[in-house]
Amino acid sequence: WQHVKAYFAPKRDQTRQGQRFQLDECRTWMRLMFWSAREEGLDKFPLFWSWFLEFISFYIDIYQMTAPPYVKRDSAWSIKKDNIGKYLSDNRLMKDIIGVNPLPEDFPQSCE
C-alpha cells in the first residue's frame, strides 16, 4: 500500500504520478540514501556497509528491476564532495542520471 501512495506522492513530477518508479528515480533515491548513511558514519563499519549495499540491492529491485546493478556506483557517488555540490547547485537535481536508460552491459545475466 505504501508503494502505491509513493507513486501518487504530491511532490512527484505530475507526468510520473501513478506510474511505477523509473531507473533515474531509483538511482536518485539510492544516492541520497547512501549519502545520508555516509554522513552518519555508517560506511566506517565494513561489515554493516557490505550488508547495507546488499539490502538496498534487494529492496530497490521491488521498485525497478534495472536498478540493482547501479548500487555500487551510486553508493560511491557521495564520496566526492563535488557531486554533492553539483546536486545542490542544480536545484537538488541529479542531471547526470535524469532520463538515462540502462545500458545492456549493466544488466545482470539473469535479466537478459
Side-chain angles (χ1 to χ4, degrees):
W1 177 245
Q2 294 303 316
H3 301 171
V4 174
K5 287 174 71 174
Y7 296 150
F8 289 93
K11 290 186 178 181
R12 194 166 183 219
D13 185 322
Q14 287 186 348
T15 62
R16 291 183 167 188
Q17 282 185 352
Q19 298 175 9
R20 292 182 59 87
F21 292 114
Q22 300 302 307
L23 179 60
D24 56 352
E25 294 171 303
C26 291
R27 291 191 65 198
T28 298
W29 179 85
M30 287 193 294
R31 286 179 174 187
L32 295 175
M33 180 63 61
F34 292 127
W35 175 25
S36 66
R38 196 177 299 286
E39 285 210 334
E40 292 301 317
L42 298 177
D43 61 323
K44 305 290 188 252
F45 302 94
L47 188 60
F48 172 80
W49 195 251
S50 176
W51 171 84
F52 190 53
L53 294 181
E54 287 181 40
F55 175 77
I56 295 299
S57 183
F58 172 79
Y59 182 75
I60 202 70
D61 188 60
I62 295 169
Y63 292 99
Q64 179 53 249
M65 72 175 209
T66 62
Y70 296 92
V71 168
K72 284 190 180 180
R73 81 178 75 165
D74 287 338
S75 72
W77 173 86
S78 59
I79 292 172
K80 294 183 180 178
K81 297 298 180 197
D82 289 348
N83 289 336
I84 294 168
K86 181 153 180 49
Y87 165 71
L88 295 173
S89 68
D90 283 344
N91 201 26
R92 298 186 187 275
L93 294 173
M94 296 186 186
K95 294 180 178 180
D96 62 315
I97 58 174
I98 293 175
V100 175
N101 292 317
L103 300 171
E105 62 266 20
D106 290 329
F107 279 91
Q109 294 290 352
S110 62
C111 290
E112 292 180 340

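F48 and W51 have tilted rings, their planes meeting at an angle from 30° to 60° on a 0 to 90° scale. In this structure, W49 and F52 have tilted ring planes: the angle between them lies in the 30° to 60° band.
Checking side-chain atoms of N91 against main-chain N and O of L93 turns up no donor-acceptor pair under 3.5 Å.
Looking at every heavy atom in both residues, I84 comes nearest to S78 through CD1-O, 3.7 Å. Taking every heavy atom of both residues into account, A67 and L23 meet most closely at CA-CD1, 3.7 Å. When all heavy atoms are compared, the tightest approach of K44 to P46 is O-CD, 3.3 Å. In terms of heavy-atom proximity, L53 sits nearest to S75 at CD2-CB, 3.5 Å. Closest heavy-atom contact between D43 and R38: OD2-NH1, 2.9 Å.
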Could you pull out all donor-acceptor pairs under 3.5 Å where a side-chain atom in residues 25-33 meets a protein atom, sequence neighbours excluded?
residue	atom	partner	partner atom	Å
E25	OE1	R12	NH2	2.8
E25	OE1	Q22	N	2.8
E25	OE2	R12	NE	2.9
E25	OE2	R12	NH2	3.1
R27	NE	D74	OD1	3.4
R27	NE	D74	OD2	2.8
R27	NH2	D74	OD1	2.8
T28	OG1	D24	O	2.9
R31	NE	D74	OD1	3.1
R31	NH1	D96	OD1	3.1
R31	NH1	D96	OD2	3.1
R31	NH2	D96	OD2	3.0

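Both F8 and Y63 are part of a single hydrophobic cluster, where members link through side-chain heavy atoms under 4.5 Å apart. Linking ILVMFWY side-chain heavy atoms closer than 4.5 Å, directly or via other members, places I56 and Y70 in a single hydrophobic cluster. I79 is not connected to L42 by any chain of hydrophobic side-chain contacts under 4.5 Å among Ile, Leu, Val, Met, Phe, Trp and Tyr, and they are in different clusters. Both I97 and W35 belong to a single network of hydrophobic side chains, linked directly or stepwise wherever heavy atoms of I, L, V, M, F, W or Y lie under 4.5 Å apart. Under a hydrophobic clustering in which Ile, Leu, Val, Met, Phe, Trp and Tyr are joined whenever their side-chain heavy atoms come within less than 4.5 Å, directly or via other members, V100 and W77 fall into different clusters.
Other residues, nucleotides and ligands contribute over 12 non-hydrogen atoms within 6.0 Å of the CG atom of L88.
Residues satisfying the ring pair (Phe, Tyr, Trp, His ring centres under 6.0 Å) test with Y7, not counting sequence neighbours, are F21.
The side-chain heavy atoms of Y59 and I62, taken from C-beta on, include a pair separated by under 4.5 Å.
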